[in-house]
Participant: 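Below are the structure tokens for one structure; questions will follow.
These values consider heavy atoms only, across backbone and side chains, with no hydrogens, waters or symmetry-generated copies. Worth saying up front: this structure is predicted, and the values here are computed from it rather than measured.
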Amino acid sequence: MTATTAPTPLTTSPEADELLISSISTDEGHQDPYVRYAAVRAIAPAWRTGVGSVAITGYRDGMEVLRHPRLGREEPDMDLADSIAGRSR
């Protein structure tokens, strides 16, 4: 029998919220959003936003979420790693 650990609860980050909002709602953010994206990744790679949704910033985290069968729909041609799907194909 293996022990399982509960996932770490996500915290809120008003600073990350502000950076994300400014990257999509200001002219400066439109011109160069990558500086803000890097700052958000450094502050909070994953957080619960002020409106309650979860934001993630890393490529690998994003791919894991997009391919997780409990968070979306499984496609027949998806190559799901054991760590994501909990099973082998």
Side-chain angles (χ1 to χ4, degrees):
M1 179 181 251
T2 60
T4 59
T5 59
T8 304
L10 294 173
T11 59
T12 59
S13 176
E15 187 176 3
D17 282 347
E18 181 60 35
L19 284 166
L20 185 60
I21 291 168
S22 72
S23 70
I24 60 174
S25 66
T26 65
D27 287 337
E28 295 83 10
H30 287 171
Q31 296 298 317
D32 187 11
Y34 305 105
V35 172
R36 287 172 175 78
Y37 295 160
V40 169
R41 278 192 301 275
I43 293 167
W47 77 99
R48 187 163 303 280
T49 68
V51 296
S53 60
V54 173
I56 55 174
T57 61
Y59 176 82
R60 287 185 180 171
D61 291 338
M63 291 303 294
E64 185 166 343
V65 166
L66 290 171
R67 292 179 179 270
H68 197 291
R70 293 187 66 194
L71 300 174
R73 73 169 204 247
E74 183 177 345
E75 297 292 335
D77 64 339
M78 290 174 81
D79 182 23
L80 298 173
D82 289 340
S83 65
I84 296 172
R87 65 175 194 264
S88 344
R89 287 187 156 232

Participant: Give the other cluster members for V35, using side-chain heavy-atom distances under 4.5 Å between Ile, Leu, Val, Met, Phe, Trp and Tyr residues; answer none if it is isolated.
Facilitator: none
Participant: Give every residue pair that meets the side-chain hydrogen bond (donor to acceptor under 3.5 Å, both in side chains) criterion with at least one member in residues 51-62, sequence neighbours excluded.
Facilitator: T49-S53
Participant: Show me the side-chain donor-acceptor pairs of residues 15-22 shorter than 3.5 Å, one per line, residues at least two apart or across chains.
Facilitator:
unit_1, atom_1, unit_2, atom_2, d
D17, OD1, W47, NE1, 2.7
D17, OD2, G50, N, 2.8
S22, OG, E18, O, 3.3
S22, OG, L19, O, 3.0
S22, OG, R36, NE, 3.0

Participant: Got a sec, which residues hit side chain to side chain donor-acceptor pair (under 3.5 Å) with T12, two or more places apart in sequence or on another chain?
Facilitator: none
Participant: Examine distances only and state if a side-chain atom of H30 and a backbone atom of I24 form a donor-acceptor pair shorter than 3.5 Å.
Facilitator: yes
Participant: Sequence neighbours left out, what passes ring pair (Phe, Tyr, Trp, His ring centres under 6.0 Å) with Y34? Give chain and number order.
Facilitator: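 Ring pair (Phe, Tyr, Trp, His ring centres under 6.0 Å) list for Y34, sorted by chain: Y37.
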Participant: Restricting to non-hydrogen atoms, name the atom on I56 and the atom on A46 that form the minimum distance, rounded to 0.1 Å.
Facilitator: CG2-CB, 3.9 Å
